[in-house]
Chemist: 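I'd like to ask some things about the structure below.
Reckoned from all heavy atoms, side chains included, excluding hydrogens, waters and symmetry mates. Counting starts at 1 for both ligands and their atoms, following the listed order.
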Amino acid sequence: MLKQLTITNLRNITELIIQPSSGINLILGDNGSGKTTILEAVHLLSLGRSFRTRFLKNAVQFGHQKLQVIARTTRDVPVGLQFDLTQGLQIRLNSQPLKRLSDLASQLPLQLIPANCHQFFEQGPRYRRQLLDWGLFHVEPSFNYQWQSYRKVVQQRNSALRQHKKDQEIQLWDTHLAEYGEQITRLRQQQLELILEKFSIIFPRLCPEFTGVDFALQFKSGWSKEHSLIEVLNTNLERDKKLGYTRSGSHAADWSFNINGADPAEIFSRGQQKLFVLALSMAQAEITLDSAQHTRSILLIDDISSELDQHHQQIILNELAKLPVQSFISSTDYSLVKSLESDKSATVFHVKHGRK
Ligand SMILES: Nc1ncnc2c1ncn2[C@@H]1O[C@H](COP(=O)(O)OP(=O)(O)OP(=O)(O)O)[C@@H](O)[C@H]1O
Ligand SMILES: [Mg+2]
């Protein structure tokens with residue numbers, strides 16, 4: 001969680017210092033005032049990259065040489081990020097140069113709900129896997145190791161397949177690949193069951209018309225249910241050789257929750273899709289807090305007002321106030337301030353031309 005944030009030369013923000021509350025931080029302002037830029041700064045600090053551009057040079061304020069984002073977490077760990085047009089990216093965590101980006105992410109677990117958060121339904125399984133694995137990364141200490149090891153083995157096997165190596169040399173990787181894969185599947189399934197449990201409570205609160213409906217887990221491990229991964233790798237060796245890559249495995253997993261037996265993508269309105277994604281993020285935030293690490297996570301909600309009516313925005317703010325998360329929410333709708341009047345822990349920031 002962040003207790004102070006200083007942003008320098010990021011887009012239209014020349015210098016901005018804010019002391020966020022531990023609960024809701026509502027950022028209000030007109031179009032182009034710098035609201036999403038504040039969320040971008042928090043994202044940069046947590047993940048070392050922007051959600052708006054792959055090229056950080058575009059985020060440096062025109063006419064300047066570098067951007068900086070500096071913060072202090074509630075554990076009193078200083079975090080600082082600088083992107084210089086000539087020297088590139090430098091990150092310091094606890095006054096030391098950062099070794100691995102995952103160290104940064106574990107200090108500040110962050111979930112982003114972009115203005116257009118329909119990727120869950122519209123994009124391929126990759127986005128859904130990342131969403132699930134985000135939770136595991138923060139909850140299950142062994143997951144990161146398992147997943148990184150798995151990826152390395154798949155890369156080695158794929159490279160053997162592409163180089164038309166002998167069967168034995170390709171199959172050399174199979175035992176490890178299958179072990180990691182089976183373990184990742186177990187962890188993913190456990191996490192999904194936890195998410196489903198929380199989601200089934202939160203979602204009907206955000207979307208009361210779904211009260212009393214049945215939610216069920218739909219999980220595809222990435223290979224056929226009837227067989228173990230090692231069997232599938234053996235059986236499909238010829239296919240993989242033709243393709244030049246390993247088709248089955250944890251890298252091909254996918255999941256969703258069925259609603260009354262139906263795929264939510266088929267029944268939800270646009271606003272309901274957004275509420276679905278919000279409920280999932282809230283569920284993950286609760287699980288992260290319940291875990292052994294007890295980490296309080298950060299939720300970024302860019303443009304809460306898009307696709308949601310006032311009533312649903314109000315419900316979200318009420319539910320967020322009960323949740324142990326620090327949220328940064330942007331909106332152009334000044335009337336939202338009224339919804340927060342009774343929430344003593346909420347802070348409202350008004351931004352205008354990159355200033356408070
Ligand atoms: N590299 C840059 N240097 C200076 N200004 C920039 C740079 N990149 C973007 N901007 C400007 O920064 C401003 C802030 O953009 P931002 O996306 O944060 O606005 P916003 O408040 O989220 O607006 P909206 O309500 O439309 O989403 C915009 O006016 C944009 O044109
Ligand atoms: Mg914006």
Chemist: Which protein non-hydrogen atom lies closest to atom 17 (O) of ligand 1, naming both residue and atom, and how far is it?
Modeler: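 Going atom by atom, the protein heavy atom closest to atom 17 (O) of ligand 1 ends up being R52 NH2, 2.5 Å.
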Chemist: As an exercise, identify every atom of ligand 1 less than 4.0 angstrom from a heavy atom of Q61.
Modeler: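 Checking each atom against Q61, I get 3 (N).
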Chemist: How close does the nearest protein non-hydrogen atom get to atom 15 (O) of ligand 1, and which residue and atom is it?
Modeler: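 Among all protein heavy atoms, the one nearest atom 15 (O) of ligand 1 is T37 OG1, 3.7 Å.
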Chemist: May I ask whether I17 and M1 are part of the same hydrophobic cluster, defined by side-chain heavy atoms of I, L, V, M, F, W, Y residues being less than 4.5 angstrom apart, directly or through others?
Modeler: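 As far as the 4.5 Å side-chain criterion goes, M1 and I17 are not connected within one cluster.
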Chemist: We want to know whether K166 and Q168 form a side-chain donor-acceptor pair, criterion being a heavy-atom distance below 3.5 angstrom.
Modeler: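 No - no donor-acceptor pair under 3.5 Å links their side chains.
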Chemist: Can you check whether D133's main-chain N or O pairs, donor with acceptor, with Q191's side chain at less than 3.5 Å?
Modeler: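 Judged by distance alone, no pair lies under 3.5 Å.
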Chemist: Do E182 and S228 have side-chain atoms, one donor and one acceptor, less than 3.5 Å apart?
Modeler: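 No, no side-chain donor-acceptor contact under 3.5 Å.
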Chemist: So among N94, T73, L2, which one has a side-chain contact (heavy atoms from CB on, under 4.5 Å) with V79?
Modeler: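 With V79 as partner, N94, T73, L2 yield a single side-chain contact (heavy atoms from CB on, under 4.5 Å), made by T73.
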Chemist: We want to know whether H118 and Q123 form a side-chain donor-acceptor pair, criterion being a heavy-atom distance below 3.5 angstrom.
Modeler: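 Judged by distance alone, the side chains do not pair up.
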Chemist: Any luck finding a side-chain donor-acceptor pair between N234 and Q171 under 3.5 Å?
Modeler: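 Indeed, the side chains of N234 and Q171 share at least one donor-acceptor pair under 3.5 Å.
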Chemist: I need the atoms of ligand 1 closer than 4.0 Å to a non-hydrogen atom of N58, numbered in the order shown.
Modeler: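 This gives 1 (N) as the contact atoms.
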Chemist: Closer than 4.0 angstrom: is that true for some heavy atom of G34 and an atom of ligand 1?
Modeler: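 Within the 4.0 Å threshold, so yes.
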Chemist: In this structure, which one of R157, Q155, R239, Q156 forms a side-chain hydrogen bond (donor to acceptor under 3.5 Å, both in side chains) with T246?
Modeler: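 The passing option is R157.
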Chemist: Keeping the roles fixed (side chain from S46, backbone from V42), state whether a donor-acceptor pair exists under 3.5 Å.
Modeler: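 Not a single qualifying donor-acceptor pair exists.
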Chemist: If you measure from each non-hydrogen atom of D302 to ligand 1, which part falls under 4.0 Å: side chain, backbone, both or neither?
Modeler: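 D302 to ligand 1: no contact under 4.0 Å from either part.
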Chemist: May I have the step-by-step check of side-chain hydrogen bond (donor to acceptor under 3.5 Å, both in side chains) for S335 and D333, ending in yes or no?
Modeler: CA-CA 5 Å; S335 71; D333 183 354; 2.6 Å; yes
Chemist: Against heavy atoms of T332, which atoms of ligand 1 measure under 4.0 Å?
Modeler: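 By the 4.0 Å cutoff, the relevant atoms are 25 (O).
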Chemist: For S221 and Q189, which I'm curious about, is there any donor-acceptor pair between the side chains at under 3.5 Å?
Modeler: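 Their side chains do not contain a donor-acceptor pair, so the 3.5 Å distance test is not met.
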Chemist: Specify the protein heavy atom at minimum distance from atom 3 (N) of ligand 1: its residue, its atom name, and the distance to 0.1 Å.
Modeler: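 Ranked first by proximity to atom 3 (N) of ligand 1 is F62 N, 3.1 Å.
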Chemist: For atom 26 (O) of ligand 1, what is the closest protein heavy atom, and at what distance to 0.1 Å?
Modeler: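 Of every protein heavy atom, N31 ND2, 3.1 Å lies nearest to atom 26 (O) of ligand 1.
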Chemist: Compare K35, H353, R11 and give the one whose heavy atom is closest to atom 8 (N) of ligand 1.
Modeler: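 Nearest heavy atom to atom 8 (N) of ligand 1 lies in R11.
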Chemist: Using heavy atoms and a 4.0 Å limit, tell me yes or no: is S330 in contact with ligand 1?
Modeler: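 No.
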Chemist: Please state which protein non-hydrogen atom is closest to atom 29 (O) of ligand 1 and give its distance, to 0.1 Å?
Modeler: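 Of the protein heavy atoms, G32 O, 3.2 Å lies nearest.
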Chemist: Which of the atoms in ligand 1, numbered in the order shown and given with their element, are less than 4.0 Å from a heavy-atom of D30?
Modeler: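 Checking each atom against D30, I get 21 (O).
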Chemist: Number the atoms of ligand 1 from 1 as they appear, then name those within less than 4.0 Å of a heavy atom of V60, with their elements.
Modeler: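 Those of ligand 1 that fall under 4.0 Å from V60 are 1 (N), 2 (C), 3 (N).
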Chemist: Checking R129 side chain against H251 main chain: does a donor-acceptor pair fall under 3.5 Å?
Modeler: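 Looks like yes, one N/O pair under 3.5 Å.
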Chemist: Select the closest option to atom 22 (O) of ligand 1 among T53, V351, N12, T36, judged by heavy-atom distance.
Modeler: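 Answer by nearest heavy atom: T36.
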Chemist: For a ring pair (Phe, Tyr, Trp, His ring centres under 6.0 Å) with F215, tell me which candidate from F257, F199, F276, F210 qualifies.
Modeler: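 So the option named by the test is F199.
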Chemist: Donor-acceptor pair, N12 side chain versus S33 backbone, under 3.5 Å?
Modeler: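 Between the backbone of S33 and the side chain of N12 there is a qualifying donor-acceptor contact (under 3.5 Å).
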Chemist: Looking at atom 31 (O) of ligand 1, tell me if a protein heavy atom falls under 4.0 Å from it.
Modeler: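 Given the 4.0 Å cut-off, atom 31 (O) of ligand 1 does not count as touching protein heavy atoms.
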Chemist: List nothing but the number: protein N/O/S atoms under 2.8 Å from the Mg ion (ligand 2).
Modeler: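 For the Mg ion (ligand 2), protein nitrogen, oxygen or sulfur atoms under 2.8 Å: 1.
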